[in-house]
Amino acid sequence: MTEAAERFFEALPSRAPDVLGGLADGTLQIDLGDDHRTEHWLVRMRPGVVQVSRGRGPADAIWYSSAALFDRLITGEAQGVAAVLRNESTFSGNVVLFLAFRRFFPDPPGTRDPRETARRAAGRLG
């Protein structure tokens, strides 16, 4: 596990009120593989609240990713849904939990919110 991934998981509870909406309610087990070892994280999500622990346990969904891919996800260099669609990671269970969790990942570097771009353009035109 990289230090960046550790910090990412540690920060989830404080970021949850700004990130999680009303649909997320359940436990996501995240399995991160590296060589011949897998680290397990349990992320219990409720609207506006996250609890994180290490280990396996009862989960409503399980997501497997390589540790290297996860590092790219937490820096915005890769996208979670695209990784699943390309079979770079796997997911099973309640898809709402995966879709909610991916909101914790940053946007790709250089991404602009189209609404902000439109506001700036309108300001120049007005």
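Reckoned from all heavy atoms, side chains included, excluding hydrogens, waters and symmetry mates. None of the values given here were measured: they were computed from a predicted structure.
With hydrophobic clusters built from ILVMFWY side chains whose heavy atoms lie under 4.5 angstrom apart, Val49 does not share a cluster with Val52.
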Phe101 and Leu12: CA distance, side-chain angles, deciding distance, side chain to side chain contact (heavy atoms under 4.5 Å, CB included) verdict: CA-CA 10 Å; Phe101 183 77; Leu12 291 181; 3.8 Å; yes
Check against side chain to side chain contact (heavy atoms under 4.5 Å, CB included), Leu69 and Tyr64: CA-CA 10 Å; Leu69 172 61; Tyr64 172 82; over 6 Å; no
Stepwise side chain to side chain contact (heavy atoms under 4.5 Å, CB included) test for Ile30 and Val43: CA-CA 8 Å; Ile30 300 171; Val43 180; 3.9 Å; yes
Full working for side chain to side chain contact (heavy atoms under 4.5 Å, CB included) between Gln51 and Arg46: CA-CA 9 Å; Gln51 295 170 319; Arg46 293 185 315 251; 3.9 Å; yes
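In this structure, CZ in Arg72 is found 6.5 Å from OG in Ser66, a value given to the nearest 0.5 Å. Put simply, CD on Glu39 and CZ on Arg56 are 13.0 Å apart, with the number rounded to the nearest 0.5 Å. In this structure, Gln29 CD and Ser92 OG are separated by 9.0 Å, a value rounded to the nearest 0.5 Å. Atom CE in Met45 sits 5.0 Å away from atom CG in Leu28 (nearest 0.5 Å). Note that CZ of Phe104 is 7.0 Å distant from CZ of Phe8, once rounded to the nearest 0.5 Å.
In this structure, Asp35 contributes its side chain and Arg37 its backbone to no donor-acceptor pair below 3.5 Å.
Considering all non-hydrogen atoms of both residues, Leu97 and Ala61 come closest at CD1-CB, 4.2 Å. Of all heavy-atom pairs between Ser14 and Ala11, the closest is OG-O, 3.0 Å. Heavy-atom minimum distance, Pro13 versus Pro17: O-CD, 3.6 Å.
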Can you give me every donor-acceptor pair (side chain of residues 76-87, partner residue at least two apart or in another chain, under 3.5 Å) with its distance?
| unit_1 | atom_1 | unit_2 | atom_2 | d |
| --- | --- | --- | --- | --- |
| Glu77 | OE2 | Thr75 | OG1 | 3.2 |
| Arg86 | NE | Glu88 | OE2 | 3.3 |
| Arg86 | NH2 | Glu88 | OE1 | 3.1 |

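Ring geometry, Phe105 versus Phe70: the interplanar angle exceeds 60°, so the pair is classed perpendicular (tilted spans 30 to 60°).
Shown here are the side chain to side chain contact (heavy atoms under 4.5 Å, CB included) partners of Thr27, two or more places apart in sequence or in another chain: Leu42, Arg44, Ala59, Asp60. Applying the ring-ring contact (aromatic ring centres under 6.0 Å, His included) test to Phe98 and every residue at least two apart in sequence or in another chain returns Trp63, Phe91.
When side chains are defined from C-beta on, Ile62 counts as touching Asp31, because their heavy atoms get closer than 4.5 Å. Side chains of Asp71 and Leu73 form no contact here, defined as non-hydrogen atoms less than 4.5 Å apart.
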